[in-house]
J.: 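First, the structure itself, so that you have it in front of you.
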Protein chains: 2
Amino acid sequence: MADVTLRDVARVSGCSVATVSRVLAGTRPVGAETARRVREAADALGYRPNQAARALRGRSTGTVGLVLPQITNPFYPALVRELTHALHADGRAVLLADCDDDPVAEAEYVADLLSRQVDALLVIPAHEERSRAAVAAAAARVPLVLMDRGCGPGVADSVAVDNTAGMALVLDHLAATGRRRVCFLGAAGTASAAAERRGAYAAGAGALDPGAPERVALGDFSVEWGRAAVDEVWPARPDALVCANDLIAIGALQRLQQLGVAVPGEVAVTGFDDIPMAALSAPGVTTVRQPVPELAAEAARLLALRLSGDNSGPQRSIRLAPALVIRESSTPSRLTPPRRAERNAAPVT
Amino acid sequence: MADVTLRDVARVSGCSVATVSRVLAGTRPVGAETARRVREAADALGYRPNQAARALRGRSTGTVGLVLPQITNPFYPALVRELTHALHADGRAVLLADCDDDPVAEAEYVADLLSRQVDALLVIPAHEERSRAAVAAAAARVPLVLMDRGCGPGVADSVAVDNTAGMALVLDHLAATGRRRVCFLGAAGTASAAAERRGAYAAGAGALDPGAPERVALGDFSVEWGRAAVDEVWPARPDALVCANDLIAIGALQRLQQLGVAVPGEVAVTGFDDIPMAALSAPGVTTVRQPVPELAAEAARLLALRLSGDNSGPQRSIRLAPALVIRESSTPSRLTPPRRAERNAAPVT
DNA sequence: GTGAAAGCGCTAACAG
DNA sequence: CTGTTAGCGCTTTCAC
């Protein structure tokens, strides 16, 4: 069963290795009868082309590298799933590297993947500035698409959700449901998700209340910060907490529950991303759902485009519109009672 | 910056490709002065060995395939993280394939990975029986380690948590905290996690109450089933629900809350796995924590052992003991008030 | 201690 | 249409 080569198939089918190669790759026309014999022999022997040899010869491994900051970030598993499926559908295999939020490790992984002759790279940068050099260097060698986060302007093609549009959806929903004293629990730093969501809040919240744009507390994208942030902003007695992601929102809900504050009665809470936990918490978190399958498909499309030769075209930066998912954390139950159907929406095994 | 080969390094350093290869691989003694010059040239040129060529020549790609059923299963991201780190530490790269719980897709991925000359495979089988043929065939070609789930006896080395010991921890804890009318919300089927946890419950629950081993409801490992299962068993008025995993436990908590049942006052709820959500739900779920880093390390060790030649040794089946994590879902708050420290334990970004 | 040369399995000219 | 041949970049005898 092991290691049957082109030569073996050639011997059994009674023709040359070149012919066998042509039949199997479909590169050039081959006599019908010969082709049949070859295919038969290949099948019988259980022939599998050696991809290493093919790669060495053809300068293409059919492999792409996927580098991400933390697979345990609850937003990424779904993205990884869709990306691997999209790439496998194109016949490519995925080399995965988790750099553990460390730009230095990230640079090493990128270099290692390049030495393994990946045809292209998909990178979710660990850091807006400190990932830049390695990413730019890699982008000079192979097609590279950035996802989810940026790392400075003009580095490579990129695909991400439209954070500004997402924030606007949230603010519109809160306005429509009568909330006025909104405040923002966000993340500091220059990462695109942090900065864009923060900026969109600042730009849009004024329409609800002149004081809102200044009611902002900044930490990081964690549950712990969500808990702590509530204590910072609660003295201002807001009627809505707009959180920069779902983890912050879940932390906020926990702290509010401890304080005995009614959600959504006294205060509404919203998140961003729609991670699985957002649907499972009690109350369910109203949030902005990223179009994960479409993000993955766009990234795969860009990669395929670059791989098929169009390497000189203009850099593409694709933003996809997210959708609002309304759950109980923002909607008085007399308006929208918790329904089974809604809670079932969680894409969890 | 692109494509500098051994020959380039040889030319610049003024010696033969053979010598350069020996210096860089450290295969054989080389003159100190020559070695220095070679290393200098390699550095200056930014030489990176072409792994495809190395693979073709040396019959080793330094690559292992990781095949899993569903990366979105909340237990797997942490495992993938630890596995990739452990393998990268050994200088190996990881080809990831998510087969979406489909044994047919799984077989295709395994075949594809083999044709890409992976040195070894790490497989979490999608199905106890239907994964068997493909896994056994692959195990005949390369070292293969099964993780988390089995697929019939005697197929390959395997690493998993000791489900029986975990269930015993839960039952002991419930007994110690005075619960007697326990019942089990489990999963049907022959998958090892389902069968072993079910079996351990049946074997151990009799010590609490003669009727307990029969108070069993079987579905699947989902939140939805957890909700539905409560309605099946609640008429028996249990004082503890032992769930086969955390998702079931979370579903059960949701339904109990809807019914207005006090947890842990009227009924205790326990889970298994300790996924991130278990720490974040309210109340936090008492559960059995799988020793994920150690499981990954053992798998990597087995792989390294087989790869270093010991391919004929006896098959190894490694079981690691889990630990009980006590949270509020099983402990009256007057005994163990919800503490910040405990809730912070969640390994979430 | 070092170099020359033979391939690993495959594809792509180049002949026929 | 098909066969012969020359490598892809590297490791590894085998000579020196």
Side-chain angles (χ1 to χ4, degrees), chain A residues 1-39 41-42 45-63 91 112 114-119 141-142, chain B residues 1-39 41-42 45-63 91 112 114-119 141-142:
Chain A
M1 180 129 203
D3 287 60
V4 20
T5 78
L6 255 199
R7 179 125 93 240
D8 299 323
V9 179
R11 190 158 21 73
V12 170
S13 65
C15 56
S16 75
V17 288
T19 304
V20 176
S21 170
R22 295 197 264 255
V23 172
L24 268 31
T27 332
R28 288 166 153 293
V30 170
E33 167 64 11
T34 322
R36 201 192 47 71
R37 279 214 321 282
V38 168
R39 250 183 279 275
L45 296 173
Y47 171 73
R48 293 244 130 210
N50 179 324
Q51 300 292 348
R54 192 174 273 194
L56 181 55
R57 186 60 234 243
R59 337 269 323 99
S60 157
T61 54
T63 275
D112 179 67
L114 287 176
S115 84
R116 289 175 193 277
Q117 326 301 127
V118 291
D119 293 342
R141 309 258 277 105
V142 297
Chain B
M1 182 132 201
D3 289 62
V4 21
T5 78
L6 254 199
R7 180 127 90 239
D8 298 323
V9 179
R11 189 160 19 77
V12 170
S13 64
C15 58
S16 73
V17 289
T19 303
V20 176
S21 170
R22 295 197 266 254
V23 172
L24 267 31
T27 332
R28 286 167 155 295
V30 170
E33 167 61 9
T34 322
R36 200 192 48 71
R37 276 213 323 282
V38 167
R39 251 184 278 275
L45 296 173
Y47 171 73
R48 294 241 127 212
N50 178 325
Q51 300 292 345
R54 189 174 275 189
L56 181 56
R57 182 64 231 242
R59 333 280 309 109
S60 156
T61 53
T63 275
D112 179 67
L114 288 176
S115 83
R116 288 176 193 276
Q117 326 300 125
V118 291
D119 293 343
R141 309 259 277 103
V142 297

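Just so we're on the same page: letters track the sequence lines, and every chain starts at 1.
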J.: Just to verify, what does B:Arg22 make a side chain to side chain contact (heavy atoms under 4.5 Å, CB included) with, not counting sequence neighbours?
T.: B:Ala18, B:Thr19, B:Arg28, B:Val30
J.: Could you state the atom-to-atom distance from CZ of B:Arg7 to C1' of C:dA5 in whole Å?
T.: 13 Å
J.: For the backbone of A:Val17 and the side chain of A:Ser21, can you confirm whether one donor and one acceptor N or O come within less than 3.5 Å of each other?
T.: no
J.: For the pair made of CZ in A:Arg37 and C1' in D:dC1, what is the distance, rounded to whole Å?
T.: 13 Å
J.: C:dT2, C:dG9, D:dT4: which one has an atom nearest the side-chain heavy atoms of A:Arg57?
T.: C:dG9
J.: Mind calculating the distance between CG (B:Asp8) and P (D:dC8) to the nearest angstrom?
T.: 11 Å
J.: With respect to the side chain of A:Leu56, which nucleotide from C:dT2, D:dG9, C:dA5 is positioned closest?
T.: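 Closest of the options to the side chain of A:Leu56: D:dG9.
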J.: Using whole Å, report how far CZ of B:Arg28 lies from P of D:dA15.
T.: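 Between P of D:dA15 and CZ of B:Arg28: 14 Å.
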J.: If the helix axis at each end comes from five base pairs, how far does the helix from C:dG1-D:dC16 to C:dG16-D:dC1 deviate from straight, to 10°?
T.: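 For the helix from C:dG1-D:dC16 to C:dG16-D:dC1, the axes at opposite ends meet at about 40°.
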J.: Respond yes when some side-chain nitrogen or oxygen of A:Ser21 is under 4.0 Å from OP1 or OP2 of C:dT11, and no when none is.
T.: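 For A:Ser21, the contact criterion (side-chain N or O under 4.0 Å from OP1 or OP2 of C:dT11) is met.
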J.: OP1 or OP2 of D:dT11 sitting under 4.0 Å from any side-chain N/O of B:Arg54?
T.: yes
J.: Taking the side chain of A:Val17 as its heavy atoms from C-beta onward, which of D:dT2, D:dT5, D:dC10 lies nearest to it?
T.: D:dT5
J.: DNA chain C: B:Gly14 or A:Asn50, which has the more 5' nearest nucleotide?
T.: B:Gly14
J.: Which whole-number value in Å describes the distance from B:Leu6 CG to C:dC8 P?
T.: 19 Å
J.: Hey, does the side chain of A:Thr5 come within less than 4.0 Å of C:dG9's phosphate (OP1/OP2), counting only N and O?
T.: no
J.: Does atom CZ of A:Arg36 have more than 12 heavy-atom neighbours from other groups under 6.0 Å away?
T.: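 Counting neighbours around CZ of A:Arg36, more than 12 heavy atoms of other residues, nucleotides or ligands fall under 6.0 Å, so yes.
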J.: Name the closest nucleotide to the A:Ser16 side chain, picking from C:dA4, D:dT4, D:dT11.
T.: D:dT4
J.: Would you confirm whether B:Asp119, through its side chain, and B:Gly62, through its main-chain N or O, come within 3.5 Å as a donor-acceptor pair?
T.: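 Side chain of B:Asp119 to backbone of B:Gly62, a donor-acceptor pair under 3.5 Å: yes, one is there.
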J.: Measure the distance from CZ on B:Arg22 to C1' on C:dA4 and round it to the nearest whole Å.
T.: 10 Å
J.: Taking atom C1' of D:dC10 as reference, at what distance in whole Å does atom CZ of B:Arg11 sit?
T.: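 Rounding to the nearest Å, CZ of B:Arg11 and C1' of D:dC10 are 16 Å apart.
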J.: Minimum heavy-atom separation for A:Ala55 to A:Thr61, with atom names?
T.: CB-CG2, 3.4 Å
J.: Closer than 4.0 Å, any side-chain N/O of A:Thr34 to the OP1 or OP2 of D:dT2?
T.: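 Yes, within the criterion.
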J.: With a 4.0 Å cut-off on heavy atoms, is B:Gly58 in touch with a base, just the backbone sugar-phosphate, or nothing at all?
T.: nothing
J.: On DNA chain C, nearest-nucleotide positions of A:Ala52 versus B:Gly31: which is more 5'?
T.: B:Gly31
J.: Look up atom CD in B:Gln117 and atom CZ in B:Arg141, then write down how far apart they are to the nearest 0.5 Å.
T.: 8.0 Å
J.: Can you measure B:Arg36 atom CZ to C:dG1 atom C1' for me and round it to whole angstrom units?
T.: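 Taking atom C1' of C:dG1 as the reference, CZ of B:Arg36 is at 17 Å.
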J.: List the atom of A:Val9, the atom of A:Ala42, and the distance in Å for their closest heavy-atom pair.
T.: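 Looks like CG1-N, 3.9 Å.
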